[in-house]
Amino acid sequence: PFHEAFINAFSDRLEGKVASVPTFISLSSWLHGLNTSLGQSFFEHTAQILFCGEKKEFTTRKQNNLRIDQSQKNAIADIITDLSNGNRKPSLVRENKIIFTQPIEGNLVEGTDFTADVFSEEAKQVICVEIKTVKPNKSVFKSEKQKILEAKAALQIKYPKKDIKYFLAFPFDPLSETPYGYDKQRFMRYSVGFSKYFDEAEILLASEFWDYISGVLHTMESIIDIINAIATPLFMKELAFLSEPQNTKTHKNAYLDLLQKWFLYREHQLLTQPAKNKTDTKTQKLLNQSCFRNGEYNSERLLRLLQSSNII
């Protein structure tokens with residue numbers, strides 16, 4: 001659904017060249033670049049904004065790798081062995097109890113490197129979310145589970161008075177017949193070995209993920225509605241229009257309407273809300289800068305306006 005929403009911006013170029021957008025989407029080679037951009041940039045950055053979180057690496061390369069107690073490492077090895085042999089089914093509650101109640105004897109060893117795409121430390125809990133491709137490689141489930149168990153054990157030592165939560169997140173369900181729907185059991189059966197190592201409670205899928213990360217229902221629908229409103233064949237023309245500061249004066253009404261269409265409500269306030277500092281030289285320079293820079297929203301400009309004036 002995210003891909004279809006973005007591709008609408010190029011529908012005029014595709015007309016007569018492909019049978020339909022769904023058919024075009026099936027051509028995975030063309031979508032490779034978009035998949036990479038969505039996975040490495042859009043999903044992560046959007047989730048970080050919604051959750052007020054950050055990407056955080058706990059790795060040897062960053063000299064930020066965490067350590068775990070040998071007792072925890074031994075317990076985790078036993079958990080993985082039981083799961084691999086099919087002696088036990090995955091259970092988030094049981095596994096947490098095992099690793100969090102192990103005696104910390106001071107025999108610390110290196111834990112496995114891990115990176116949280118969205119990391120948040122709150123008053124009573126630490127939450128890590130790792131955003132994964134919707135077609136996970138079946139060969140990685142065992143090592144992924146071990147990494148997560150060691151990550152939670154290490155985070156417990158680092159934050160001993162806080163609850164530790166670690167989720168695998170998938171931004172949409174490719175098997176769903178509706179853009180926002182999901183079937184977690186079916187999704188996990190889709191990849192061999194997924195259900196062997198992971199409890200459903202460890203997984204956030206499609207709209208469940210976006211609602212959790214924002215704390216608001218129907219967030220996935222809202223995100224795609226915003227993309228659909230902006231990603232039209234007029235996208236490049238509208239971006240060029242918004243990127244020209246002179247249009248705020250010569251075509252002010254049209255500029256204000258387009259800001260509303262693009263959900264740029266802060267920019268709309270800048271042009272319509274009176275403020276005593278608008279005549280300040282520094283503020284004038286900032287207002288006369290483009291609100292876009294190299295195709296991206298110039299958030300640094302907005303931050304400086306917020307810091308230097310009472311405009312918003």
Side-chain angles (χ1 to χ4, degrees), residues 2 5-6 8-9 34 37-57 116-122 127 129 131 171 209-216 218-232 234-312:
F2 290 95
F6 277 107
N8 284 334
L34 181 56
S37 179
L38 284 173
Q40 295 180 354
S41 178
F42 177 77
F43 293 142
E44 287 186 14
H45 291 170
T46 302
Q48 288 161 10
I49 291 169
L50 292 173
F51 202 56
C52 295
E54 61 179 331
K55 190 182 185 82
K56 196 156 186 175
E57 296 183 41
D117 297 313
V118 184
F119 175 89
S120 173
E121 180 187 354
E122 302 175 8
I127 301 174
V129 180
I131 303 174
F209 162 54
W210 295 108
D211 288 351
Y212 177 84
I213 215 77
S214 70
V216 178
H218 309 302
T219 297
M220 184 177 178
E221 293 94 318
S222 297
I223 293 172
I224 293 180
D225 284 347
I226 291 171
I227 297 170
N228 279 322
I230 297 171
T232 72
L234 296 175
F235 173 79
M236 294 305 296
K237 182 178 179 181
E238 292 177 345
L239 176 61
F241 183 81
L242 289 174
S243 299
E244 175 49 63
Q246 190 61 30
N247 288 329
T248 63
K249 302 177 180 65
T250 57
H251 302 89
K252 185 173 181 178
N253 289 337
Y255 198 93
L256 290 173
D257 289 343
L258 194 53
L259 289 176
Q260 292 276 56
K261 177 187 174 184
W262 277 48
F263 301 89
L264 294 172
Y265 299 126
R266 292 280 200 179
E267 293 295 327
H268 193 278
Q269 284 181 283
L270 284 173
L271 296 177
T272 58
Q273 183 173 312
K276 61 182 181 181
N277 288 353
K278 277 192 176 181
T279 58
D280 177 74
T281 301
K282 182 178 180 181
T283 301
Q284 279 293 313
K285 289 180 179 179
L286 290 170
L287 287 171
N288 289 330
Q289 289 181 12
S290 173
C291 62
F292 285 93
R293 181 172 57 192
N294 299 324
E296 295 186 3
Y297 181 67
N298 191 349
S299 55
E300 180 183 348
R301 164 183 168 272
L302 178 63
L303 179 62
R304 293 177 65 187
L305 279 168
L306 291 170
Q307 292 174 338
S308 66
S309 69
N310 295 319
I311 292 178
I312 297 178

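Every heavy atom of this structure was used, including side-chain atoms; hydrogens, water molecules and symmetry mates were not.
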Does [X] have any side-chain contact (heavy atoms from CB on, under 4.5 Å) partners at least two apart in sequence or in another chain, and if so, which?
X: Tyr265; answer: Gln260, Phe263
X: Glu244; answer: Gln246, Asn247
X: Ser222; answer: none
X: Lys285; answer: Thr281

Give me the atom names and distance for the closest heavy-atom approach of [X] to [Y].
X: Ala5; Y: Ile224; result: CB-CG2, 4.0 Å
X: Ala47; Y: Val118; result: CB-CG2, 3.7 Å
X: Ser243; Y: Phe292; result: OG-CB, 3.6 Å

- Task: Quick one: do Glu267 and Tyr297 satisfy side-chain contact (heavy atoms from CB on, under 4.5 Å)? Show the steps, please.
- Result: CA-CA 11 Å; Glu267 293 295 327; Tyr297 181 67; 2.6 Å; yes
- Query: Using the ring of each side chain (for Trp, its six-membered ring), is Phe2 parallel, tilted or perpendicular to Phe43, with breaks at 30° and 60°?
  - Reply: perpendicular
So, taking the atom named [atom1] in [X] and the one named [atom2] in [Y], what distance separates them when rounded to the nearest 0.5 Å?
X: Ile230; Y: Asp225; atom1: CD1; atom2: CG; result: 11.0 Å
X: Asp211; Y: Leu50; atom1: CG; atom2: CG; result: 10.5 Å
X: Leu287; Y: Thr248; atom1: CG; atom2: OG1; result: 8.5 Å
X: Leu305; Y: Lys282; atom1: CG; atom2: NZ; result: 9.5 Å
X: Arg266; Y: Leu271; atom1: CZ; atom2: CG; result: 14.0 Å
X: Leu270; Y: Leu256; atom1: CG; atom2: CG; result: 11.0 Å

Given side chains that start at C-beta, do those of [X] and [Y] come closer than 4.5 Å, heavy atoms only?
X: Ile223; Y: Ile227; answer: yes
X: Thr250; Y: Tyr255; answer: no
X: Pro171; Y: Ile131; answer: yes
X: Thr232; Y: Asn8; answer: no
X: Glu300; Y: Gln289; answer: no
X: Leu258; Y: His251; answer: no

With [X], which residues qualify under salt bridge (charged side-chain N to carboxylate O under 4.0 Å, His left out), at least two apart?
X: Asp117; value: Lys55
X: Glu121; value: Lys162
X: Glu221; value: none
X: Glu57; value: Arg61

So, using ring-ring contact (aromatic ring centres under 6.0 Å, His included) as the criterion, who are the partners of [X] when residues are at least two apart?
X: Phe209; answer: none
X: Phe51; answer: none
X: Phe42; answer: Phe6

- Query: Do any pairs count as a salt bridge (charged side-chain N to carboxylate O under 4.0 Å, His left out) and have a residue in residues 246-263, sequence neighbours left out, and if so which ones?
  - Reply: Glu238-Lys261
